[in-house]
Amino acid sequence: MKREKYLVTSALPYANGHLHIGHVAGAYLPADIFVRFQKLLGNNVIYICGTDENGAPISIKAEAEGKTPREIVDYYHDSIVKSFHELEIDFDNFSGTARPEHTRISQKFFLNLLNAGYVLQKTTQQLYCEHDKRFLADRYIEGTCPYCGAKGARGDQCDTCGKLIDAIKLIDPKCKICGNIPVVKETTNWYLELPKFEKPLREWLKTKTYWKENVLNFILSWLNEGLIERSITRDLGWGIPVPLDEAEGKVLYVWFDAPIGYLSSTVEWAKNLGTPELWKDYWLDPNTKLIHFLGKDNIPFHTIIWPSVLMEQEEKYVLPYDVPANEYLNIKGKKTSTSRNYAIWVRDFVKYFKPEFLRYYLAANAPETKDSDFSWEDFQIKVNNELANILGNLANRVFTFVKKYFNGKIEKPQNLSQLSENTLDEAYKLVNEIKECYANYRVRKAVKLIMDIARSGNKYFDETKPWFSVKDDKAAASETLYVCTELLRIISIVFSPVLPKAMRKLRTMMDLNTPLSWNELNNPSQKISLGTIEPLFRKITNKEVKEQNELLEKQSGVAPALEHKPEIDYDDFTKIELRVVKVIAAETIPKANKLLKLKVDCAGEIRQVIAGISQYYKPKELVGKQIVLLMNLKPRKLMGLESQGMILAANSKDGIAVVVPEKEVPEGSEVL
RNA sequence: GGCGAUGUAGCUCAGUUGGUUAGAGCAUCGGAAUCAUAAUCCGAGUGUCCGGGGUUCAAAUCCCUGCAUCGCUACCA
């Protein structure tokens, strides 16, 4: 058999937060399962990752906490490593991008591109925040997308239309740190000339017919819209210095150096093994299958920019063979939100449950083709009904039976009945299907098929009724038990990529000491001798589910630290004219979802105000109410209607509440 | 209003390129069994495959259209 060579990576987790189960479901567990499967087949595979440790968010976080970026990075690096370890996500090497080797390689990559003529130096206008005294990195600018008009676009990419944006082109930019309006300042940066890569990228993509459809469509639409030059340097203090004399104070853009982390981590791995050249065996061998596992948000960088960067290096690196991107894992139908602490953190999870449970649940419920949903109720159902009852109980009923009536020993019978033959044949048929699923990243289906083997075991056990036959036909009973232990042995192999620890335990109970390998499937065991047995999986109680739900509610209910605006003088405040007014008419505006048109009376002066409260207030409810109006706001047209002022309302995630005076006051009274 | 996704059993979903009688798990009901962690097995199902139209010998699947839900977005100043 030809031994295939794989280099598998997962997207580098960013070292400014802990690991949550959404990360695991999207980029790490699928990769770990794939790697374990390939190792089981005997293929040559290494699994490489590391933390992404550069970039503005880390330096900003460090500043906010009064620490050095290094301290932040180390803290989260350790936390992430620990979580991976607990989940048995086994990397061959887990590095970090703030290490010297990474710096060296990233700088070399930059220079190679520069020398090959793919990097342009340009002096441009950049956004600079005078309050924070820094050039604003893309992620710290927000504004309106110049292409689709969507608001809230970041400085590097619009989430609405997916286009890459030059921050300076944003309409109405704002500094996300302090909310001030940044000024434009001149600075020099280096740009990757992506348009030059369009043709080679297209050629390359023609060979990728086997990629996931959503990934391919995404890239093609990008290419069709035309690529633009991308700045690959930033004005920032924390990161990899641009290796040029004239680039004082500039670092490589984090998106440029992050994927290079896959390479530098491999180099580190080779060095640690004492064979420093070994990385070339993977990165420079065209037969290596380079596979990047990641979440859908990472697609453009791994399928457009990263391959382009790889194409124009001195050495001939392999290009990604496949980029199986996964969707997101929601929690009870809602998006994970780290800022609101609406997430299930791995380090919390392992305090309560075995990591195996999480691996099982996330594998059986993986967001392979669309977002999937996590709930503690569903988690309990899957673990109890499937893992514990169907598989765990099968093992338990078989093993206790063998212990009780056969002294823990079962031998292979001379001949098998038709039913036994069929049962085993069916299982082997499933094994082949399972292999296909693993190879094609269809973990969800693989898990289902494995459970089908366990189901067939229970069925077979019931049909052959060994508890009867053991009394008058011990050979028949023995045969039943043999077939069942065989099924369990098969499961112990094919399920090991998903549940390494539990399957090791299962094999220990069956006294199977040979190292795991897919090949073992070809050699039915001749006899089984059981060791000490115990239940494979415990069950999750209703009480635990309740506790977890309460915990989640509690932690996400805690309001995140409020961000305060810069101090102002009293004089600033006196510029504002607030008055109590009465709503005398209110109506909806056609085609507007959130807007209401109000007529208000301010001591005889009638004004028209357009307010965005239509989702929470019906026009009728407002008429006759006294509210507070910001009088001297510059009038502005909304949906073609002029708004002469702005009403005050409290804004919360559960809706908004209009501010009203505590008791009736004359209209026109000033609010101070 | 714009962009995107989704709509299949009570619930969660699977349904490959159009092709017999539309599937699985959970929940429900009935039964069997007592080796086992009250764990298993068998049986019963219930369906306007969101509605309407079209293409086709044939549509859950392709096209058009409408509706609903969700996400982002737009006006929320």
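Lettering follows sequence order; numbering is per chain, from 1. The figures that follow rest on heavy atoms only: side chains count, while hydrogens, waters and symmetry mates do not.
- Checked by atom type and distance alone, the side chain of A:Asn365 never pairs as donor or acceptor with a backbone atom of A:Tyr361 at under 3.5 Å.
- Across B:rG71 and B:rG47, the matching C1' atoms stand 29 Å from one another, rounded to whole Å.
- Pair assignment for B:rG30: B:rC42, on the basis of Watson-Crick or G-U wobble contacts that are both within less than 3.5 Å.
- The CG-C1' distance, from A:Asp452 to B:rA24, rounds to 9 Å in whole Å.
- At least one side-chain heavy atom of A:Ser417 sits under 4.5 Å from a side-chain heavy atom of A:Glu479.
- Note: CD (A:Glu327) to C1' (B:rA5) measures 10 Å, nearest angstrom.
- Across the P atoms, B:rC63 and B:rA77 are found 41 Å apart, a figure rounded to whole Å.
- Relative to the ring axis of A:Phe406, A:Lys474 places its NZ or CZ within 45° and under 6.0 Å from the centre.
- Nucleotides B:rA9 and B:rU28 have their C1' atoms positioned 12 Å apart, rounded to a whole Å.
- There is a side-chain donor-acceptor pair under 3.5 Å between A:Tyr360 and A:Glu386.
- In this entry B:rG18 has no Watson-Crick or G-U wobble partner, no candidate having both defining distances under 3.5 Å.
- Of the C1' atoms belonging to B:rC26 and B:rU73, the separation is 37 Å, rounded to the nearest Å.
- In this structure, A:Ala611 reaches the sugar-phosphate backbone alone: every heavy-atom distance under 4.0 Å involves primed, P, OP1 or OP2 atoms, never a base.
- Ring-plane geometry between A:Phe401 and A:Tyr405 is classed as tilted, the angle between the planes lying from 30 to 60 degrees on a 0 to 90 degree scale.
- The separation between A:Arg455 atom CZ and B:rG25 atom P is 6 Å, rounded to whole Å.
- Remark: C1' of B:rC41 and CD of A:Glu463 are 8 Å apart, rounded to the nearest angstrom.
- Separating the P atom of B:rU40 from that of B:rG4 is a span of 46 Å, rounded to the nearest Å.
- Not one N or O on the side chain of A:Glu605 forms a donor-acceptor pair closer than 3.5 Å with the backbone of A:Cys602.
- Straight-line distance from the CD atom of A:Gln380 to the P atom of B:rC26: 14 Å, rounded to whole Å.
- Comparing B:rA38 with B:rA32, their C1' atoms are spaced 16 Å from each other, to the whole Å.
- The distance from atom OH of A:Tyr328 to atom P of B:rA5 is 16 Å, rounded to the nearest whole Å.
- One can place CD1 of A:Ile627 at 10 Å from P of B:rA77, the figure rounded to the nearest angstrom.
- Closest approach of A:Ala502 and A:Leu536 over heavy atoms only: O-CD2, 3.7 Å.
- Checking B:rC49 for Watson-Crick or G-U wobble geometry (two distances, each under 3.5 Å) identifies no partner in any strand.
- Atom C1' of nucleotide B:rA24 and atom CD1 of A:Ile450 are separated by 17 Å, given to the nearest angstrom.
- Among the atoms of the strands shown, base atoms are found under 4.0 Å from some heavy atom of A:Leu595.
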Between the protein and nucleotides 12-17 of chain B, which nitrogen or oxygen pairs are less than 3.5 angstrom apart?
residue: B:rA14; atom: OP2; partner: A:Lys370; partner atom: NZ; Å: 3.0

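- For A:Tyr441, the ring pair (Phe, Tyr, Trp, His ring centres under 6.0 Å) partners two or more places apart in sequence, or in a different chain, are A:Phe34, A:Phe293.
- The phosphate of B:rU40 (OP1 or OP2) has no side-chain N or O of A:Lys459 nearer than 4.0 angstrom.
- On the P atoms, B:rU21 is 11 Å away from B:rA59, given to the nearest whole Å.
- When both pairing distances are held under 3.5 Å, B:rU56 makes no Watson-Crick or G-U pair with any nucleotide shown.
- Contact annotation for A:Leu536: base contact, defined as any heavy-atom pair under 4.0 Å involving a base atom.
- Under the Watson-Crick and G-U wobble criteria, each requiring two contacts below 3.5 Å, nucleotide B:rC3 is paired to B:rG71.
- Nearest-nucleotide positions on RNA chain B place A:Lys448 closer to the 5' end than the other of A:Lys448 and A:Asn389.
- Between A:Phe357 and A:Phe353, the ring-plane angle classifies as tilted under the 30° and 60° cut-offs.
- When heavy atoms are screened at a 4.0 angstrom cut-off, A:Glu386 is found touching the sugar-phosphate backbone but no base atom.
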Can you list the steps and then say if A:Arg607 with A:Val581 is a side chain to side chain contact (heavy atoms under 4.5 Å, CB included)? CA-CA 10 Å; A:Arg607 288 202 185 190; A:Val581 299; over 6 Å; no
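- Atom C1' of B:rG25 sits at a distance of 23 Å from the matching atom of B:rU61, rounded to the whole Å.
- Of all the heavy atoms in A:Gly645 and A:Val609, the pair that sits closest is O-CG1, 3.6 Å.
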Nucleotide by nucleotide, 5' to 3', does protein get under 4.0 Å of the base (B), only the sugar-phosphate (S), or neither (-) in nucleotides 29-36 of chain B, counting heavy atoms? ----SSBB
